[in-house]
Structures are given as structure tokens and as C-alpha cells.
Amino acid sequence: MDELHIIGGNRLDGAVPISGAKNAALPQIAAALLSTHSLELTNLPKVSDVENMLGIISLYGAGIEQDATGTRINASSLTPGEVDYDTVRKMRASILVLAPLLTRFGSACVSLPGGCAIGARPVDMHLKVLTALGATVSVEGGYIVASNGSKLKGARIVLAGPSVGATETALMAACCAQGETEILNAAREPEVVDLVGCLTAMGAEIEGAGTHRVLVNGATNWRAASHHAIPDRVEAGTYACAAMITGGRIELVNARMEHMASVLQVLECMGATVWPGDRGVVVNGCNQIKHADITTEPYPGFPTDLQAQLMAMACLADGASVIRETIFENRFMHVPELSRLGADIALNGAVALVRGRPLLKGAPVMATDLRASVCLVLAALAAKGETVIKRVYHLDRGYEQLDRKLSQCGANISRIST
Ligand SMILES: CC(=O)N[C@H]1[C@@H](OP(=O)(O)OP(=O)(O)OC[C@H]2O[C@@H](n3ccc(=O)[nH]c3=O)[C@H](O)[C@@H]2O)O[C@H](CO)[C@@H](O)[C@@H]1O
Ligand SMILES: C=C(OP(=O)(O)O)C(=O)O
């Protein structure tokens, strides 16, 4: 298992190419199963979640060709099967193949994910969506078994909350249903809008993407298509934090300012200077990070996927910050590890009170999930001395060449295979 060894204290300065968004790529790979025509996806990040999702669809017989220009998926002939517990447990986004498999085979069987490090993460909304469109859904022996008897029928779907994944399931299933589907309380995340862009290129007719009310005209006539995934706003936000926490300057090449408004606003309150560059967004840190209060919210609010990274910065701020996590009930696994570096954090349910300190000190720490791990990398970049981070496979799920991108900006970081 690899470890990261980081010696903190270097000011980062340079340009980081932001990869395609993992959370846009995963549903697009699942969407390739909807159609018998080929789908070319470009700008997929080279991260293990993407590899695993491609692995899942290839188990069903999808043909996959990859080269420097992109990934071509041909799902013209598929064979039925089931997605097992081990796969779904490791990568919860694998639930996204449920709707496409149901529409292709008339039935599908995908393991229930169970809980994970950041929370219980139920999939009840995904199941309700499919039921609303006329499928019969049951849970048997830990598996979701869905079948659609005849055909799915368009319906009015009111989501209990703006779930990203359930909106994506609804969009994919509704494209194959007879008639119109109205999705209310739909998630507005850029990754959902990008899935709509991909489905539209494939032949779907969808209106209202990016709003809470999305209309899908079903019975899509699929066609061969090509789609370029959006840049990863969470990766970009993470490198913006790297610039800030080291008092440096990083150009986030390819990043889109419009996807990062709430994050950039918080960074500016904490002392960053941010401006649009020729190739993306430039973030300039400051001498002393200012404290800030943050509450995670669905898009366009502050994203839960950047909460841990902001907390690393708050640990070194000039005062106390209050960080509220409202999306996942257990997304504070980084707190005890940050404390090992000397951070002063008091947890009370979904609220963390972070009292800024002048200094963090390197220590051995353990990565527990994707964003918790990268928060430890950020803290280590600013800490005095060496930090060793174990279980970096969590980072590989969503960050392409993290150590290389950071060392190109001047970080003292090395990856060691043990
Ligand atoms: C692959 C992917 O895109 N992952 C992102 C996606 O996850 P994911 O799609 O799993 O997140 P959701 O938006 O669905 O979850 C939001 C909230 O709804 C709850 N919920 C969700 C579905 C359901 O059937 N029942 C239910 O109760 C969840 O437990 C959570 O409390 O959006 C999250 C919220 O922005 C991000 O943190 C994840 O990085
Ligand atoms: C929580 C995340 O991913 P997933 O939903 O795939 O677990 C994430 O990207 O931070």
C-alpha cells in the first residue's frame, strides 16, 4: 500500500491542469449503457473510480477502446448480470448502472451499497424514482431487484430532496420511458447539467437542466455521440486551498469560475485574491488566513466535497471558524487526524468549531475517505516537519496524479510503495 511523505513549509507557485470531473464522468459512463450506438467520452480523469466504472460496464459486455483522444464505449450487445456488494461498497456511484440496465434488459439486479465512511447514504430515492416510472422494485438478499414488466411510463417525480444521484437515475430512466417525465426538486449541480448535455448529444430531449424542474421527453431515438466532460470543480477547489494554505499562487488551468462561485467567495473572505486567467482561474494566497463560517449545501451552495479542505485551512486561521455539514451525517473523519497535526477542533454533532492556531506539526496520519485524505495533504503542506499519510488509495479514487501536480508547484511530496 502506498504512502505519501510530505515535508511542509514550501510556498506553492505554478499552474495545475485541472482534470475532467470524476462526478461528471461516472454517470456518463453509466449512460453509455442506455444506447446501442457508440458514445465517445473525452476528458475523463485518470482516476481509479473511472477505471472501476469502465470495469463494471465491460462486465456487461460493453466494448471499451481508450487512446489519447478519448474513450469510446460500444454497448450494442450486452449480457445480463449483477453488480455485487464488494463493487458497490467500494464505489457507491455504481448504483448509477441500475436504471440503464433496467431499460436495456427489462430487469436489473444491483447490490444495496450499505453505509460508508461519510454516512448511511441510503438509495431510497433512486428506488422511488424507478417505481414512479412504473418499475417493480424490491430488495432481496441485500440486492435491489428492479423489473419493468412492460415499458417504463413517463410520470411526475417529486424528489424528497435534490439528490444528485437520484436525479441522474431519474434522467436516464425517463429518457427510455414512454411520454413526458417531470422531475421536481431536481439537483442543480454542474455534473447533473453535464449528464444532460451528454444525454442530449446521444439524442435525448431534456429541458430545464440546472433548475429544480426538469422535463424529459421520453422514448429517445439514440444516436452515436461524443461528449467532453466538464473540469473538476472539486479538484480545482482543492488546489485553490493548496495555494491558500501555503501562502502561494496557483493557476487552475481549465477551471470554470462559474462552477466555483460559492467556493471562491469563501476563499476571498479568508484572504485569497482570485481572478480569471487566460487559461482558467488564478488564486493567490495571503500571509494570514482569516477565519470563516461555512455551511455545506446543495449547489449552488458550498459543496460538501470541499468541506474537509476548508477545515484544513481554518486550522491555521486567525480566529475561530464554525463549519456545519448538512449533507452527510458523518463527514468529519478528518477531525481526529487533523488533531494529530496539532489542530484545535471541537466537534458537536454536525458542527465543528475550529480554533485557528499559528502552527501545525507533521505526524503520521491515516486517510479515511477521498476528501478527508486530501485535507490531510493540505494540512501537511503547511505543517512544520514531515507528515506520512497512509492508505492513499482513497486519494487515487478522485485525484489524478496529485503528488506530481503538487510537486510541479514546488511541494516536497513523494509517494512511497511499502
Ligand atoms: C459520484 C457523485 O456524484 N458523488 C457525489 C454525489 O453523491 P450522491 O449522488 O450519492 O449524493 P446525493 O446528492 O444523492 O446525497 C445527498 C443527500 O441525500 C441523501 N440521499 C440520497 C439518495 C437517496 O436515495 N436517499 C437519500 O437519503 C444522502 O444520504 C445525502 O444525505 O453528490 C454528493 C453531494 O453533493 C457528493 O458529495 C458526491 O461527491
Ligand atoms: C463522496 C464522493 O464521491 P462518491 O459519491 O463517489 O463517494 C466525493 O467525490 O467526494
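Note: hydrogens, waters and symmetry copies are ignored here, and every other heavy atom, side chains too, is used. Just so you know, ligand 1 is whichever comes first in the structure, and atom 1 is the first atom listed for that ligand.
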Donor-acceptor contact present, side-chain S321 to main-chain A292, <3.5 Å: yes
Of the listed options E168, M125, E329, closest to atom 19 (C) of ligand 1 (non-hydrogen atoms): M125
Flag, side chain of E329 to backbone of A120, donor-acceptor distance under 3.5 Å: yes
Y299 contact mode with ligand 1 (heavy-atom cut-off under 4.0 Å): neither
Closest protein heavy atom (residue, atom, distance) for atom 14 (O) of ligand 1: S163 OG, 2.6 Å
For I327, the ligand 1 atoms whose distance to one of its heavy atoms is below 4.0 Å: 16 (C), 30 (C), 31 (O)
Options K90, R92, R121, ranked by nearest heavy atom to atom 7 (O) of ligand 2, top entry: R121
Close approach of K22 to ligand 2, heavy atoms, under 4.0 angstrom: yes
E235 near ligand 2 by a heavy-atom separation under 4.0 Å: no
Ligand 2 versus Q307: contacting region, heavy-atom distance under 4.0 Å: neither
Part of R331 with heavy atoms under 4.0 Å of ligand 1, whether side chain, backbone, both or neither: side chain
Options L370, T169, N23, ranked by nearest heavy atom to atom 5 (C) of ligand 1, top entry: N23
Side-chain touch L267/M313, heavy atoms, less than 4.5 angstrom: yes
Whether H126 lies under 4.0 Å from ligand 1, heavy atom: yes
Protein heavy atom at shortest distance from atom 25 (N) of ligand 1: D124 OD1, 2.7 Å
Nitrogen or oxygen of L26 less than 3.5 angstrom from that of ligand 1: no
Nearest-neighbour protein heavy atom for atom 13 (O) of ligand 1, which is reported as residue plus atom name and distance: V164 N, 2.7 Å
SB check R324 D293 (cutoff 4.0 Å): no
Side chain to side chain, L402 and D396, heavy atoms closer than 4.5 Å: no
Electrostatic pair E235-K405, nearest N-O below 4.0 angstrom: yes
Protein residue, atom and distance nearest to atom 22 (C) of ligand 1, heavy-atom basis: P122 O, 3.3 Å
Flag side-chain contact, heavy atom, 4.5 Å: L184 against H212: no
Ligand 1 contact by E191, heavy-atom criterion under 4.0 angstrom: no
Atom indices of ligand 2, in the order listed, that fall short of 4.0 Å to a heavy atom of N23: 9 (O)
N/O donor-acceptor pair under 3.5 Å between R213 side chain and N185 backbone: no
Per-residue contact class, R397 against ligand 2 - non-hydrogen pairs under 4.0 Å: side chain
Numbering as shown, the atoms of ligand 1 that approach D305 to under 4.0 Å (heavy-atom distance): 36 (C), 37 (O), 38 (C), 39 (O)
Enumerated ligand 2 atoms positioned under 4.0 Å from heavy atoms of R371: 8 (C), 9 (O), 10 (O)
N/O separation below 3.5 Å, K22 to ligand 1: no
Identity and separation of the nearest protein heavy atom to atom 9 (O) of ligand 1: G165 N, 2.8 Å
Salt bridge flag under 4.0 Å for residues R331 and D305: yes
Per-residue contact class, A166 against ligand 1 - non-hydrogen pairs under 4.0 Å: neither
